[in-house]
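Right, one structure below, let's go through it.
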Amino acid sequence: MAKQFDIVFFGGMGDLALHKLLPAMYRCEVDSEYADDCRIILTSRKDLTGAEFEAKVKTSLVNELAADENVDINWPQFFARLECVSLNISEGGDEWVDFSSSFKGREDILRIFYLSIPPGIYESCSENLDKYKLISKTARIILEKPIGVDLESAKIINATVGKYFDEDNIFRIDHYLGKETVQNLLALRFTNILLDDVWDNRSIDHVQISITETVGLEGRAGYYNDVGALRDMAQNHLLQLLCLVAMEPPHEMNADNLRAEKLKILKALKPITEDNVTQTIVRGQYSEGVLNNQVANAYIDDLGSDFGGSDIETFVALKAEIGNWRWAGVPFYLRTGKRLKKRAAEILIEFKALPHAVFPAKFGKVQPNQLRIKLQPEEGIELTLMGKKMHDREMHLKPVTLSFDFADSFDGHVRPAYQRLILDVVDGNSSLFLHREEVEQAWSWITPILQCWEADSDSKPASYSSGSWGPLAAELMIEKDGRSWVEPGSK
Ligand code: BG6
């Protein structure tokens with residue numbers, strides 16, 4: 001049903017808005033989600049002319065949307081909703097007065113503020129929202145990740161935003177939770193008794209969660225070089241996926257229960273400290289290499305000479321352990337990196353070896369069962385079982401794969417994660433958003449790692465060639481446990 005709201009994107013001409021948020025809002029137009037007078041307001045530091053604004057937005061839509069989507073069809077209605085406002089977010093003044101006056105008479109309409117800006121200005125932005133009387137009783141706020149750069153800054157942001165908005169009206173976004181396949185993981189886990197019976201340390205040997213990217217900096221040097229892979233991907237996306245794999249079934253699926261179960265897992269993560277940091281986490285930075293048959297630059301060349309070098313990590317691999325009854329002794333290996341060989345996001349569950357070999361070794365090697373949950377670009381599930389090679393009179397054992405592709409099984413287009421999540425905010429459904437405590441707990445686990453790195457100024461990220469699977473040290477980290485990384489998307 002069409003919905004009535006005003007949404008403001010602070011940082012509306014930024015990278016995230018142009019590449020992800022506006023295409024998601026455009027899709028809402030195509031899906032007839034808007035009531036007639038819905039407004040989409042984009043703030044910009046630059047004073048753009050109407051023509052510049054139109055060209056920028058339209059070009060980004062054409063680039064981001066699928067080739068068969070004709071933007072022209074819905075463009076006039078969509079463009080009519082858009083407004084570009086020139087605003088210095090952290091300083092108040094006349095611009096804010098004008099901005100605020102554009103909401104006169106719309107106090108009863110749902111109002112959403114989306115902060116797609118550096119976390120350092122979340123506080124001043126919320127203060128100005130309050131000062132210029134923009135926080136109506138219908139107002140909700142969306143906070144883009146990363147929320148802060150460590151535990152302390154996250155607490156300050158949460159406390160400041162919490163002064164002006166109730167927790168129920170704060171939506172901390174992690175777009176991975178909006179991906180269809182990630183939600184399917186919940187369905188898979190909590191509707192299949194077959195899986196439930198093997199979902200613990202009696203049957204599972206270890207878990208691997210990989211988010212590998214082929215892209216490099218993509219013009220985001222200013223943001224990324226202050227942040228790095230641990231804060232950009234591990235603190236949020238990777239830990240959230242870990243929680244979904246490891247959490248207990250909530251007694252009923254709703255936002256409070258789901259978030260409470262995830263929080264328990266975050267609390268049970270064993271700390272990484274100076275005693276074990278070098279054995280449990282590897283960081284890397286990409287150097288020049290060959291990716292998709294083309295020479296790809298080193299990170300420092302992508303950064304450009306203004307930065308004068310950098311020790312920030314573009315890759316991280318770590319071993320997380322959950323100290324609870326279900327997961328004791330089951331390592332969760334997480335890794336993510338830029339400029340890697342292939343773009344993929346995948347969860348691999350490797351089951352234990354057989355307790356006893358029934359067939360003699362000459363019949364073939366028995367490989368442990370594996371369940372692969374493919375999140376992107378392919379979306380599906382694969383289960384590897386052992387079977388007998390067909391048509392041989394002799395018993396020859398062989399792995400066989402049962403494969404299930406979501407696209408083949410369900411019709412219709414997959415909604416982009418941001419579209420789904422923004423519509424959830426409109427509906428006031430916070431299931432797929434992070435509670436304040438989750439964010440702070442994730443930072444409590446990550447911050448000591450950052451502190452160890454800072455304290456050890458001699459240790460630097462290991463170099464890895466663009467187009468590889470990351471630094472050798474990441475292979476060695478898992479190999480010393482007698483295991484190896486499984487290439488995502490390889491089957
Ligand atoms: C974002 C990170 O949260 O996720 C980016 O800031 C990363 O650095 C992106 O590229 C990956 O998202 P997706 O949906 O393309 O896997």
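Whatever order the structure lists ligands and atoms in, that order sets their numbers, starting from 1.
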* Structure fact -> min-distance protein heavy atom vs atom 12 (O) of ligand 1 -> His175 NE2, 3.1 Å
* Is the NZ or CZ atom of Lys56 both under 6.0 Å from the centre of the six-membered ring of Phe53 and within 45° of that ring's axis? -> no
* Check the side chains of Glu288 and Asn297 for a donor-acceptor pair under 3.5 angstrom, ignoring hydrogens and angles. => no
* **Nearest neighbour in protein (non-hydrogen) for atom 16 (O) of ligand 1** => Tyr176 OH, 2.5 Å
* Residue pair Asp427 / Arg140: nearest heavy atoms and the distance that separates them -> C-NH1, 4.1 Å
* Which of the numbered atoms in ligand 1 are below 4.0 angstrom from a heavy atom of Lys338? -> 5 (C), 7 (C), 8 (O), 10 (O)
* Within a distance under 4.0 Å of any heavy atom of Asp232, pick out the atoms of ligand 1 and give their elements. => 2 (C), 5 (C), 6 (O), 8 (O)
* **With Arg189 via salt bridge (charged side-chain N to carboxylate O under 4.0 Å, His left out) - residues at least two apart** => none
* Would you indicate which of Gln376, Lys179, Lys145, Lys20 comes nearest to atom 14 (O) of ligand 1 when only heavy atoms are counted? => Lys179
* **Options His237, Glu213, Arg231, ranked by nearest heavy atom to atom 7 (C) of ligand 1, top entry** => Glu213
Tabulate below the donor-acceptor pairs under 3.5 Å that side-chain atoms of residues 61-69 make, not counting sequence neighbours, or state none.
from	atom 1	to	atom 2	distance (Å)
Asn63	ND2	Thr59	O	3.3
Glu64	OE2	His19	ND1	2.7
Glu69	OE1	Arg27	NE	3.1
Glu69	OE2	Arg27	NE	3.3
Glu69	OE2	Arg27	NH2	2.4

